[in-house]
Amino acid sequence: MKQNTTPARVRFAPSPTGRTHLGSGRTALYDYLIARQTGGQFILRIEDTDQKRYVPGAEQELMDSLRWLGLEWDEGPDVGGPFAPYRQSERKHIYQQYAQQLVNEGFAYYCFCSPERLAHVRQEQQKRKEPPRYDGLCRNIGSEEARRRVNDGEAHVIRFKMPHTGSITGVDLLRGPITVENKNLDDYIIVKSDGLALYHLAAMVDDHLMQITHVLRGSEWLPTFPLHVHIYRALGWQEPIWVHLSVFLKPSGKGKMSKRDTELLKQDGFSIFLSDLKGLGYLPEAVNNWIALMGWSYDDHTEFFTLEDLIEKFSLERLNPAPAAINFSKLDHFNGLHIRNLPPDNLAQRILPFFLSAGLEPDFERLKKITPLIQERITTLDEAPEIAGFFFREELSLDPAELVGKNMTPAESAQALKAAEQILEALPELSPTSAEEPLRNLAERLNLKAGQLFGILRIAVTGQRVSPPLFESMEIIGKDMVMKRIKQALEALDVPA
RNA sequence: GCCCCCAUCGUCUAGGGGACCAGGACGUAGCCCUUUCAAGGCUAAGACCGGGGUUCGAAUCCCCGUGGGGGCACCA
C-alpha cells in the first residue's frame, strides 16, 4: 500500500485447455490483488495459440470460476479494452512482425528440419546421454538461401539463435538473480511451421504491448525464464517484474496432483477444480482466504482475511518460493469461519439452492429464521439440508428404537413423552422461554436427566439424534406440528398406556 | 542423464546473527461450557534434513552432501 503507489498492469493468462484449478485460482487472485491494491488494471488474456489442445467450454468455465471468486477483470476478451483483442488466436498477425524482426537482426533463424529428423537427433543424444537439444544444422544457412527456400514454400519454423557462450541473468522477485549458462539453453522454436507463434514469443510480445508491469506465473516457467529474458533483450524492451509462484503439491506433500489423485479426492468430497467447489458447499470467500495463504503470509498470527483485507494487506515480498501441499481440512476450517462471518440472511440465500437440490422447497421467510440456528453448526453449505431438512418435511421417518431414552425402557420413554406432551399442550404458545422451564421441572419430577428427556423429544420432533437447539426448533416448527409429531412418536413407541 | 528451484512441527507457516530450551493456524488428544451436535475457551504432544565452515554467538550467512519439486515438445 505504501510503496506500491504506481498503478500496476497485471495479467492472468491461462490457456483454455482444461478445467480451472486451485493453482490458477491463486495466480489470478494475486494478480487481482496487485491490480486493485495499486489502482491498476487486472487483465484476462486467453493463450490459445495451440488450437490442437483447445477445449470447448473451457474459456467459459474459466470466466465463470473467476467471477465466482469475485475476481472481476478490467480488460479481457468479453469486456474488451484498449489493447484488444485479448485472445491470442486473434493476434496471430502481430507476432509475425516481431519474429521477422528477430530474424532480420540475427537473433533468430529459419529452420527447415523435419520433425522426423528432430526426433532422430534427440534419440541419438539420449543414447549418448547428452541433453536433448537442437543440433544447430540450420543455424548457419545463409540469409539469402534461407529467404529463397522460405519463398519457395519450404516448410520451416523459426528458432531463437541462442549464443553458445556467456551466460544470462534474470531476476525473479522471490529468488533474486538466476544465472544460467547459455550453452545449457536450446535454440527454442518460437514460431511453428503453421506460422503461429509459440508461448515463448507470443506471451512476451503481448506482455510488452499490453504494458504489463508484473508477470506472475507458475514455477514451471523457471527453466525457460532465461529464454524469455533473452527475447526481451533482443527486442530491446524493458522487462517486467518477474514472479514465479510455487506449485501446489498433493495433500500428502509428495508430488504434484495427478489425474488419479484428483479422482481420489472426489471420493472424499473435495476437488481441486474451482467449478466443483461451489457445488460442494464452499464459499468463494473461504477459497480466496485459503489459497491466498498457500505461499503467502501476513504475519505470525493473522489468518482470517476477506477479499478487501487481502487487497489492503497482500504483498509480493511476503510470498514463499517453496512448494506447498494442499490441505483441504484447512479449507473446511476457513469455510466454517466465513459461514459464521456472514449476515444470517445472506447465509439463508446461499443455502437455499442446497435445499432445492435436496428435493425440498423451503419457505424463504422460514429459512431465514432457521439460519441462525445452524450457522455455527455447518462447515459446508451442503450440510444445511442434512441438519435442517426436518423443518420442511411433512413426515419424519421415525425409528422406535431411537425414541427410547438413554438408560431407559420403552415404557419409561413413552411415559416421559406423554407427560411432556401434556405440558406442551397446555402452553398458550410454544417458545424457548415458555417451554424450557416446565420441561426441566418435569425431568426432575421423573427423576430423569434433562438430557434424557430432551433427547426423546428431540428425536420425536426432529427425527434426528443431532439437531439444532430443541426449543428454538420447536418454536419454528410450530405448536401444531410439534404436537402432531409427538403423537406420532407415541404411536411409534407403541407401548400401552 | 542434464539444467533450474526449494528445504522450520503430519500440513500451511512466523522467523531475515543474539529478543527462540523456535511463535501461530489446521489436524490430533484431553479438559471446561452444554438439552444433542457444533461454536467458543483452556491444555498437551509435535519441527529448525545432515556435515563442514564464517562468527564471541546461527533456524537465520557461505560451501558440500542428502531429500523434495519443476523442466528438458512445431504444449502452455
Side-chain angles (χ1 to χ4, degrees), chain A residues 13-18 47-50 52-53 111 113-115 118-119 122 125-126 128-133 155-159 172 174-175 178-181 183-186 188-196 198-200 202-203 217-226 244 246-247 249 251-256 290 293-304 318 320-334 336-337 340 374-379 387 436 439-440 443 449-459 462 464-471:
Chain A
S15 60
T17 52
E47 311 228 318
D48 56 350
T49 52
D50 185 8
K52 284 193 296 292
R53 297 207 307 155
C111 171
C113 294
S114 69
L118 261 22
R122 234 186 324 260
Q125 289 166 329
Q126 302 275 40
R128 278 176 272 136
K129 303 218 166 189
E130 284 171 17
R133 272 203 273 276
H156 63 275
V157 300
I158 297 178
R159 287 181 181 274
D172 174 86
L174 311 183
R175 291 160 254 255
I178 294 173
T179 302
V180 177
E181 297 291 321
K183 66 176 188 317
N184 287 325
L185 265 15
D186 204 353
Y188 297 94
I189 293 174
I190 55 176
V191 175
K192 292 182 277 186
S193 56
D194 63 3
L196 274 170
L198 249 37
Y199 173 91
H200 300 137
R217 31 138 69 159
S219 63
E220 64 269 23
W221 290 113
L222 238 21
T224 43
F225 175 37
H244 293 92
S246 64
V247 292
L249 270 27
S252 64
K254 303 261 176 276
K256 62 173 180 181
W290 178 52
L293 254 18
M294 297 184 67
W296 175 81
S297 64
Y298 177 64
D299 58 20
D300 65 347
H301 65 280
T302 315
E303 295 220 304
F304 183 88
R318 293 192 62 86
N320 184 344
I326 299 173
N327 182 349
F328 280 94
S329 67
K330 199 138 187 175
L331 170 59
D332 279 339
H333 171 249
F334 280 122
L337 249 32
R340 274 166 254 138
I374 63 171
Q375 187 151 20
E376 60 189 34
R377 270 165 253 270
I378 56 174
T379 63
I387 188 175
E436 182 163 355
L439 286 174
R440 276 189 191 281
K449 298 211 167 187
Q452 288 176 294
L453 211 215
F454 296 170
I456 298 170
L457 270 172
R458 183 185 309 283
I459 294 279
T462 70
Q464 299 171 184
R465 198 170 266 289
V466 171
S467 83
L470 181 58
F471 302 110

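All values reported here derive from a predicted model rather than from experimental measurement. Every chain is numbered from 1, with letters handed out A, B, ... down the list of sequences.
The base-pairing partner of B/rC37, taking Watson-Crick or G-U wobble contacts with both distances under 3.5 Å, does not exist among the strands shown. In this structure B/rG16 sits in no base pair that meets the Watson-Crick or G-U test at under 3.5 Å. Using Watson-Crick or G-U wobble geometry with both donor-acceptor distances under 3.5 Å, B/rU11 finds its partner in B/rA25. Base pairing of B/rC42 is made with B/rG30, judged by Watson-Crick or G-U wobble geometry with both donor-acceptor distances under 3.5 Å. Across all strands shown, the partner of B/rG1 is B/rC72, judged by Watson-Crick or G-U wobble contacts whose two distances both fall under 3.5 Å. B/rC48 is unpaired under the Watson-Crick or G-U wobble criterion, no partner having all donor-acceptor distances under 3.5 Å.
Counting any heavy atom pair closer than 4.0 Å across all strands shown, A/N320 reaches sugar-phosphate atoms only and no base atom. Across all strands, A/G295 comes closer than 4.0 Å only to sugar-phosphate atoms, never to a base (heavy-atom distances). Using a 4.0 Å heavy-atom cutoff across all strands shown, A/N184 reaches sugar-phosphate atoms only and no base atom. A/G218 comes within contact range of no nucleotide atom at all, as no heavy-atom separation falls under 4.0 Å.
Put simply, the side chain of A/L222 reaches to within 4.5 Å of the side chain of A/H244, judged on heavy atoms. Looking at heavy atoms from C-beta onward, A/H333 lies in side-chain contact with A/L337 at the 4.5 angstrom threshold. A 4.5 Å side-chain heavy-atom check between A/F454 and A/R440 finds at least one atom pair inside the cut-off.
Straight-line distance from the CZ atom of A/F334 to the P atom of B/rU13: 12 Å, rounded to whole Å. Atom-to-atom, CZ of A/R318 to P of B/rG16 comes out at 10 Å; the value is rounded to the nearest Å. Counting to the nearest Å, the C1' atom of B/rC6 and the CG atom of A/D172 are 12 Å from each other. Distance CZ (A/R217) to C1' (B/rC5): 14 Å, rounded to an integer number of Å. Put simply, CG on A/L174 is 19 Å from P on B/rC4, counting in whole angstrom units. Following rounding to the nearest Å, A/E181 (CD) and B/rC3 (C1') show an atom-to-atom distance of 11 Å. One interatomic measurement links the two molecules: CG of A/D300 to C1' of B/rC26, which rounds to 16 Å at whole-angstrom precision. Atom NZ in A/K330 sits roughly 14 Å away from atom P in B/rC9 (whole-Å rounding).
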Once base and sugar-phosphate atoms are separated, protein heavy atoms under 4.0 Å mark nucleotides 31-47 of chain B, 5' to 3', with B, S and - as ----BBBBSS-------
Heavy-atom contacts, protein to nucleotides 71-76 of chain B, under 4.0 Å, summarised as B (base), S (sugar-phosphate only) or - (none) per nt, yield SSSBBB
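Under a 3.5 Å cut-off, the side chain of A/R340 and the backbone N or O of A/E376 do not form any donor-acceptor pair. With hydrogens and angles disregarded, no donor-acceptor distance shorter than 3.5 Å links the side chain of A/D186 to the backbone of A/Y188. Between the side chain of A/Q464 and the backbone N or O of A/I387 there is at least one donor-acceptor pair closer than 3.5 Å. A side-chain donor-acceptor contact under 3.5 Å links A/Q125 to the backbone of A/R133. In this structure, the side chain of A/R377 does not engage the main chain of A/S467 through any donor-acceptor pair within 3.5 Å.
For the pair A/P468 and A/R458, the tightest heavy-atom approach, listed with the atom from each and the gap, is O-NH1, 3.3 Å.
For B/rG53 and B/rC4, the P atoms lie 27 Å apart once the distance is rounded to whole Å. For the C1' atoms, the distance from B/rC26 to B/rG46 is 13 Å, rounded to whole Å. Spacing between B/rC49 and B/rA44 at atom P, rounded to whole Å, works out to 25 Å. The same atom, P, is picked in B/rA29 and in B/rA7; the two are 32 Å apart, to the nearest Å. For the C1' atoms, the distance from B/rG16 to B/rA22 is 14 Å, rounded to whole Å. Rounded to whole Å, the C1' atom of B/rU8 lies 15 Å from the corresponding atom of B/rG50. The same atom, P, is picked in B/rC74 and in B/rC62; the two are 38 Å apart, to the nearest Å. Separating the P atom of B/rG57 from that of B/rA19 is a span of 15 Å, rounded to the nearest Å.
Residue A/Y298 qualifies as open at atom OH: its count of foreign heavy atoms under 6.0 Å is 12 or below. For A/K192, the NZ atom counts as densely surrounded, since its 6.0 Å shell holds more than 12 non-hydrogen atoms of other residues, nucleotides or ligands.
With respect to the salt-bridge test (charged N to carboxylate O, under 4.0 angstrom), the residues A/K330 and A/E303 qualify.
Between A/W296 and A/T179, the residue anchored nearer the 5' end of RNA chain B, judged by the nucleotide with its closest heavy atom, is A/T179. Checking A/I326 against A/S329, the closest nucleotide of RNA chain B that is more toward the 5' end is the one next to A/I326.
For B/rA14, the OP1/OP2 oxygens have a side-chain nitrogen or oxygen of A/S297 closer than 4.0 Å.
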